[in-house]
Amino acid sequence: MNKIELIYENLYHMYGPQGWWPIISNENDRLTCMYHPNNFDIPKKTSQLYEICIGAILTQNTAWRNVVKALINLHQIQALNPIKMQTIDNDTLKQAIRPAGYFNQKAKKIKQFNDFYLQLDHQVPSREQLLCVWGIGPETADSILLYAYKQLSFVVDTYTRRIFLNLGLIQADMTYDEIKHKFEKNLKADIKIYQEYHALIVHHAKLYYQKKDQYALDPIFRNSCFSLKESI
DNA sequence: AACCAGGACGTGA
DNA sequence: TCACGTCATGGT
């Protein structure tokens with residue numbers, strides 16, 4: 001087993017399945033965003049697929065709890081629907097997504113993505129197509145591909161950089177695509193592993209990679225700092 | 001009360 | 001290419 005796989009096994013053993021991407025659901029007469037660690041048949045409906053896409057845009061550089069507020073607002077006005085989204089005016093959209101921050105930019109991004117989405121007509125988009133949409137960068141594109149369309153595309157975020165730089169498995173000057181390729185090269189071609197790995201990275205980073213002085217406390221780092229780094 | 005969140009874009013060098 | 005400023009609300 002290579003180191004990338006080994007770390008995945010460690011994380012999975014520590015935290016268990018994460019059940020990304022969280023989906024809006026009715027929990028005892030109250031709207032919330034739910035993870036689904038025991039159900040890999042999501043998105044089940046195209047409405048959920050669409051919701052994941054919008055959530056991926058809203059969560060750009062934003063805490064997920066604030067995205068949930070925005071998603072629920074959108075749900076309340078029936079706007080989590082590409083046809084309705086097309087007709088909704090910008091001010092209403094901005095007001096709904098306000099809690100997620102950057103509402104001027106994100107409203108534009110959502111509108112642009114919505115045009116693209118309708119034009120797709122239920123086909124699976126390519127990564128190149130997604131990257132052509134204004135407001136969709138590499139991470140958002142990969143999140144949409146992996147979690148909405150279940151395509152084998154590894155997601156790299158700032159947490160991934162922090163953790164694996166600290167573990168000595170990547171270099172600071174590596175590009176997004178280089179890091180992405182390193183993970184894809186070392187992992188089994190398995191959607192579940194790709195989905196869980198990124199989610200586990202985010203969860204782990206929230207515990208040990210918020211501040212620099214925490215990095216050394218990472219149990220994976222503590223266990224491996226004498227073995228992993230030396231054998232690169 | 002600064003600081004940062006599951007980034008992306010525009011600009012100037 | 002690339003480093004840097006900008007976008008904005010809500011937690012600690």
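Below, chains carry the letters A, B, ... as their sequence lines are ordered, and counting in each starts from 1.
- Closest to the A/N104 side chain, of the nucleotides C/dA8, B/dA8, C/dT9, is C/dA8.
- Among B/dA5, C/dG11, C/dA8, the nucleotide with an atom closest to any side-chain atom of A/R162 is B/dA5.
- Across all strands shown, A/G101 has heavy atoms under 4.0 Å from base atoms, whether or not it also approaches the sugar-phosphate.
- Using a 4.0 Å cut-off, some side-chain N or O of A/K206 falls inside it from OP1 or OP2 of B/dG6.
- When the C1' atom is compared between B/dA2 and C/dT9, the two are found 15 Å apart, to the nearest whole Å.
- Counting any heavy atom pair closer than 4.0 Å across all strands shown, A/F103 reaches sugar-phosphate atoms only and no base atom.
- For A/R162 and A/Y209, the positive end is not near the middle of the six-membered ring at less than 6.0 Å and at most 45° from its axis.
- Atom CG of A/N61 and atom P of C/dG10 are 15 Å apart (whole Å).
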- Message: Give the dot-bracket line for DNA chain C from 5' end to 3' end: parentheses for intra-strand Watson-Crick or G-U pairs under 3.5 Å, square brackets for crossings, | for inter-strand pairing, dots for unpaired.
- Response: |||||||.||.|
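- OP1 and OP2 of B/dC4 both lie 4.0 Å or more from every side-chain N or O belonging to A/W64.
- Among the atoms of the strands shown, none is found under 4.0 Å from any heavy atom of A/I57.
- Interface remark: the A/Y209 side chain does not form any donor-acceptor pair with the B/dG6 base, using a distance-only criterion of under 3.5 Å.
- When heavy atoms are screened at a 4.0 angstrom cut-off, A/Y197 is found touching no nucleic acid atom at all.
- Listed by residue number, the members of residues 144-161 of chain A with any heavy atom below 4.0 angstrom from DNA chain B are A/T158, A/Y159.
- Note on A/Q105: a base of the nucleic acid sits closer than 4.0 angstrom, heavy atoms only.
- As judged by a 4.0 angstrom heavy-atom cut-off over every strand, A/W134 is placed among residues touching the sugar-phosphate backbone only.
- For the pair A/K69 and C/dG11, the criterion of a side-chain N or O lying under 4.0 Å from OP1 or OP2 is met.
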